Amino acid sequence: MRLTRKRLCSFLIALYCLFSLYAAYHVFFGRRRRPPAASLRGLRKGAASARERRGREQSSLGSEEWNPWEGDEKNEQQQRFKTSLQILNKSTKGKTDFHVQIWGKAAIGLYLWEHIFEGLLDPTDVTAQWREGNSVVGRIRYSFITGPAVVPGYFPIDVNNVVLILNGREKAKIFYATQWLLYAQNLVQTKKLQHLAVVLLGNEHCNNEWINQFLKRNGGFVELLFIIYDSPWVDDVDIFQWPLGVATYRNFPLVEPTWSMLHNERPYLCNFLGTVYENSSRQELMNILKQDGNDKLCWVSAREQWQPQETNESLKNYQDALLQSDLTLCPVGVNTECYRIYEACSYGSVPVVEDIMTAGSCGNTSVYHNAPLQLLKSMDAPFIFIKNWNELPAVLEKEKTLILQEKVQRRKMLLHWYQNFKRELKRKFTNILESSFLMNNKG
């Protein structure tokens with residue numbers, strides 16, 4: 001009996017040892033084994049059912065299958081995203097090297113931004129107190145702000161480079177422009193601004209001496225000056241000529257060419273809607289138009305007194321005249337350059353320009369010797385230039401002989417030139433800022 005009990009105890013001890021060895025084997029060696037695919041799919045399904053029974057506690061996973069390596073895969077995806085982002089940053093680095101903000105404090109700023117840069121403004125309401133937009137050209141990221149709320153000292157300065165657009169045509173405007181320049185001078189002196197350029201609607205007689213003191217060439221802080229009209233100061237080094245553009249202050253729009261604009265027959269040979277000053281060449285123009293009944297073939301509406309603003313009706317009449325005329329007559333005013341030239345181009349109506357110098361200090365420069373309208377001529381404007389309105393009857397007679405197809409081709413050429421003109425101005429403007437501002441940064 002004792003022997004039997006002893007054997008039983010030995011058997012139980014041996015069985016215990018075998019079980020312990022089996023358990024140890026699974027603990028230390030069993031984790032290295034990977035479950036077969038079928039078992040893994042079953043495990044996933046079971047886990048998915050468990051989540052559904054728990055009311056989809058991990059709702060962010062939705063209907064996706066549970067993945068035991070999900071954490072590792074997410075980390076791998078995040079690493080791939082970071083790598084892609086680094087590659088993207090490397091590929092775009094240097095393309096927008098610096099930020100330039102444009103402060104539009106004259107109506108010509110809208111021509112620069114909306115017509116030349118083709119930029120948008122938010123809000124679109126032209127009466128808004130504050131309007132802004134953004135654009136990237138070349139290596140420069142531009143931002144544009146304008147409106148009555150853009151007042152010195154009442155908006156944040158978070159840029160180093162500024163283009164200030166000013167009106168210096170008359171005394172009241174010069175006083176206002178000077179206040180802006182003094183404000184900008186303080187920003188430069190206190191290191192809040194690093195570079196400043198000015199786009200200036202100059203005086204129509206080119207009497208702009210008031211801004212001389214602010215130019216860097218004279219010990220001031222304005223590094224670049226883009227000036228409207230044929231100023232003799234233009235040297236294409238730090239002073240450049242800039243176009244007058246369309247009358248944005250009268251709400252002249254950005255015109256998109258249409259099929260009918262290009263191809264339709266236009267009922268009028270020419271047009272002139274404007275002020276006729278006493279003892280001016282415009283009076284001579286009116287007299288010549290009356291000869292041979294040409295005034296009946298052209299849309300002519302003359303007034304004796306200049307009106308600074310248009311009514312909705314007068315603006316529509318003017319736009320209709322441009323659209324329905326093959327030629328637009330552009331007599332000189334105080335200056336040879338006028339809004340009408342650019343507005344005619346917008347509608348594919350060829351400007352007939354009185355190519356004479358007006359009184360004042362405008363004229364040839366050290367780099368241009370073809371005044372007036374040196375900028376337009378240097379870019380081969382496809383206009384009809386005449387020295388005297390006595391040449392007009394011959395121009396109109398030639399116009400009568402043209403067939404529609406010839407006129408359509410001419411319109412296309414004019415619109416194509418005008419688009420390239422604006423594109424080239426944008427390119428040149430950006431290149432000048434890059435060369436000046438970036439070079440000075442390196443210096």
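Just so it is clear, the structure is predicted and the values come from calculations on it, not from any experiment.
Salt bridge annotation for Glu399-Arg410: present, with a cationic side-chain nitrogen under 4.0 angstrom from a carboxylate oxygen. A salt bridge links Lys400 with Glu397: at least one charged nitrogen is closer than 4.0 Å to a carboxylate oxygen. Salt-bridge check for Asp355 with Lys377: passed, with a basic side-chain N closer than 4.0 Å to an acidic carboxylate O. Under 4.0 Å is where a charged nitrogen must lie from a carboxylate oxygen, and between Asp235 and Arg217 at least one such pair does.
For the atom pair CZ (Phe272) and CE (Met286), the distance works out to 5.0 Å, reported to the nearest 0.5 Å. Here the straight-line distance linking atom CG of Leu392 with atom CH2 of Trp389 works out to 6.0 Å at 0.5 Å rounding. Atom CG of residue Asp326 and atom CZ of residue Arg266 lie 6.5 Å apart, to the nearest 0.5 angstrom. One distance of note links CD1 of Ile227 with CG of Leu375; it measures 13.0 Å at 0.5 Å rounding. Going from atom CG of Leu396 over to atom CG of Leu327 covers 6.5 Å, rounded to the nearest 0.5 Å.
Figure legend: Lys422 and Tyr418 shown as a cation-pi pair, the cationic atom lying under 6.0 angstrom from the six-membered ring centre and within 45 degrees of its axis. Judged by a 6.0 Å distance limit and a 45° cone about the ring axis, Lys428 is not positioned over the six-membered ring of Phe226.
In summary, the side chains of Arg303 and Thr275 do present a donor paired with an acceptor at a separation below 3.5 Å, with no hydrogens or angles considered. A donor-acceptor pair shorter than 3.5 Å cannot be found between the side chains of Asn203 and Tyr229. Using modelled atom types and a 3.5 Å distance limit, the side chains of Glu337 and Tyr342 yield a donor-acceptor pair. With no hydrogens or angles considered, a side-chain donor-acceptor pair links Asn390 and Asn388 at under 3.5 Å. Side chains of His195 and Ser436: no donor on one and acceptor on the other come within 3.5 Å.
Nearest heavy-atom pair across Thr328 and Ser349 is OG1-OG, 2.7 Å. Nearest heavy-atom pair, Leu200 versus Gly168, reported as atom, atom and distance to 0.1 Å: CD1-N, 3.6 Å. Pro351 approaches Ile341 most closely through the heavy-atom pair CG-O, 3.7 Å. Of all non-hydrogen atoms in Gly348 and Leu414, the two that sit nearest each other are C-CD2, 3.6 Å.
Here the rule is side-chain contact (heavy atoms from CB on, under 4.5 Å) with Tyr111, and of Thr248, Val199, Ile165, Leu254 only Thr248 fits it. For the side-chain contact (heavy atoms from CB on, under 4.5 Å) criterion with Phe214, the lone passing option out of Leu196, Leu182, Val198 is Leu182.
Using a 4.5 Å heavy-atom threshold, the side chains of Val163 and Trp103 count as separate. Side-chain contact check for Leu215 versus Leu225: some heavy-atom pair is nearer than 4.5 Å. Counting heavy atoms from C-beta on, the side chains of Glu118 and Gln419 come closer than 4.5 Å.
By the 6.0 Å contact criterion, CG on Asp158 is enclosed, its count of non-hydrogen atoms from other residues, nucleotides or ligands being greater than 12. The environment of CD in Glu278 is sparse: at most 12 heavy-atom neighbours from other residues, nucleotides or ligands sit within 6.0 Å.
Disulfide criterion (SG-SG under 2.5 Å) for Cys206 and Cys362: met.
Residues Tyr249 and Tyr339 bring their aromatic ring centres within 6.0 Å. Between Trp299 and Tyr318, the ring center distance fails the sub-6.0 Å criterion. Within the 6.0 Å centre-distance limit, the rings of Phe117 and Tyr142 are counted as a close aromatic pair.
Aromatic ring pairs are classed by plane angle as parallel below 30°, tilted from 30° to 60° and perpendicular above 60°; the pair Phe383 and Phe385 is tilted.
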Result block: side-chain N/O donor-acceptor pairs under 3.5 angstrom for residues 170-177, not counting sequence neighbours:
none

